[in-house]
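The structure appears below as structure tokens.
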Amino acid sequence: MDFIEILMKSVIIGACMGFAVGAGAARMFHAPQAQGMGAFRTLGELNACEGDPIAHFSFGLGFLFNSWASIVGTGAFTQDVVHRIIPNWSAAILLMRNKNVAETLHNPAKMAVTGAVIGAVVIGLMNSTAVAIPPALQLIATKVLVPAANWLINLVMPIVFWMAALDAGRRTGVWGTVLGGLSHLVMGNAVPGIVLGILIGKGVDDGGWNHITRILVVAVVLLFVLSGFFREFDIKLLTEFYVDVPDGLKAFHALFKAGA
């Protein structure tokens, strides 16, 4: 009885969540005329797949195992379920029948309905599986799947996106390589930087250095500066080069820690 109850609740919650995420992801393509809902990386990763249903499905599949291992081992979902799996799989299903992104990926109504179905299936499957698996197998699944998923996310995915950036042209390849390297140093993963590099490079290729691309570059620079500062990248960098960290810099970081 508990299994059926959890499954029914999971399907309902997953459908509601998928409906909102699907519509919100599609509405991001209509900003600023419409208010979207989703992480900035969601928009970048959807664009990076370039309307290819196989790319969208593969990208979402890459994060499925880590999310499944998380719910089995800890009972909690990762953010990848909403930011990556549901939007990309919804896009993949729609694009299989119609490759026109304006009528599929950019359509909030279609993405909402498809997202609701995907959300119900994914959440229902993950929660019901987590309940059905014995505790001993849950521990094994966590020890096996989490390291494998980490290898996929930290090693394989950056290579795939970097190859996509290089394939998109010289300018996009340079931006993707530079920002990917910085992202790996600052954030520990090159994918966000490569995706941002693809956005900047393709934006300049398509529209030149206009108002939008300049704002995007400024926003990316601020993102890296703030991310590096709050991760204390400057202190770690000085330490790695065996340079004494100034007391003033330590006090400046401590000021923000105290405020938090």
Side-chain angles (χ1 to χ4, degrees), residues 1-31 34-46 49 51 53-98 101 103-142 144-146 148-149 152-153:
M1 186 62 184
D2 291 338
F3 176 82
I4 300 299
E5 181 181 356
I6 290 175
L7 177 61
M8 292 178 61
K9 290 181 178 179
S10 300
V11 168
I12 295 173
I13 294 172
C16 294
M17 184 171 64
F19 184 91
V21 169
R27 285 170 63 90
M28 287 195 294
F29 292 97
H30 301 280
Q35 177 64 50
M37 182 183 68
F40 181 73
R41 64 176 175 273
T42 303
L43 178 63
E45 289 161 356
L46 288 171
C49 292
I54 297 178
H56 283 288
F57 179 78
S58 300
F59 185 80
L61 183 63
F63 293 92
L64 176 69
F65 300 107
N66 187 41
S67 302
W68 182 81
S70 176
I71 185 65
V72 169
T74 66
F77 283 105
T78 66
Q79 58 183 342
D80 297 326
V81 176
V82 252
H83 287 312
R84 289 171 167 138
I85 297 176
I86 294 178
N88 278 283
W89 280 10
S90 300
I93 290 178
L94 291 174
L95 290 167
M96 287 176 62
R97 296 184 176 181
N98 185 356
V101 294
E103 298 176 358
T104 51
L105 177 59
H106 300 179
N107 189 312
K110 292 182 179 180
M111 282 288 289
V113 174
T114 310
V117 176
I118 296 296
V121 172
V122 171
I123 303 301
L125 177 64
M126 287 186 174
N127 275 343
S128 59
T129 305
V131 174
I133 291 181
L137 290 180
Q138 291 181 1
L139 182 61
I140 295 174
T142 303
V144 173
L145 290 178
V146 169
L152 176 66
I153 295 171

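Looking only at distances, no side-chain donor or acceptor of Thr114 sits under 3.5 Å from a matching main-chain atom of Met111. A donor-acceptor contact shorter than 3.5 Å is absent between the side chain of His56 and the backbone of Ser90.
Of the candidates Thr42, Leu46, Ile118, Asn88 forms a side chain to side chain contact (heavy atoms under 4.5 Å, CB included) with just one, namely Leu46. Each of Val81, Ile85, Val82 was checked for a side chain to side chain contact (heavy atoms under 4.5 Å, CB included) with Ile123, and the lone residue meeting it is Val81.
Leu61 has its side chain within reach of Trp89: a pair of non-hydrogen atoms, C-beta onward, lies under 4.5 Å apart. At a threshold of 4.5 Å between non-hydrogen side-chain atoms, the residues Leu95 and Val101 count as touching. Considering only heavy atoms from C-beta on, Ser67 stays 4.5 Å or farther from Arg84 through its side chain. Here the side chains of His83 and Val21 are not in contact, with every heavy-atom distance at 4.5 Å or above. In this structure the side chain of Leu94 never reaches within 4.5 angstrom of the side chain of Asn98, judged on heavy atoms. Side-chain contact between Ile86 and Met17 is present, with heavy atoms from C-beta onward closer than 4.5 Å.
Between atom CE of residue Met28 and atom CG of residue Leu105 there is a gap of 9.0 Å, rounded to the nearest 0.5 Å. For the atom pair Glu103 CD and Arg97 CZ, the distance stands at 14.0 Å (nearest 0.5 Å).
The number of heavy atoms from other shown groups lying within 6.0 Å of CZ (Phe19) does not exceed 12.
Here the shortest heavy-atom pairing between Asn127 and Ser10 reads ND2-OG, 2.8 Å. A pairwise comparison of heavy atoms in Gly124 and Ser128 identifies O-OG, 2.6 Å as the closest pair.
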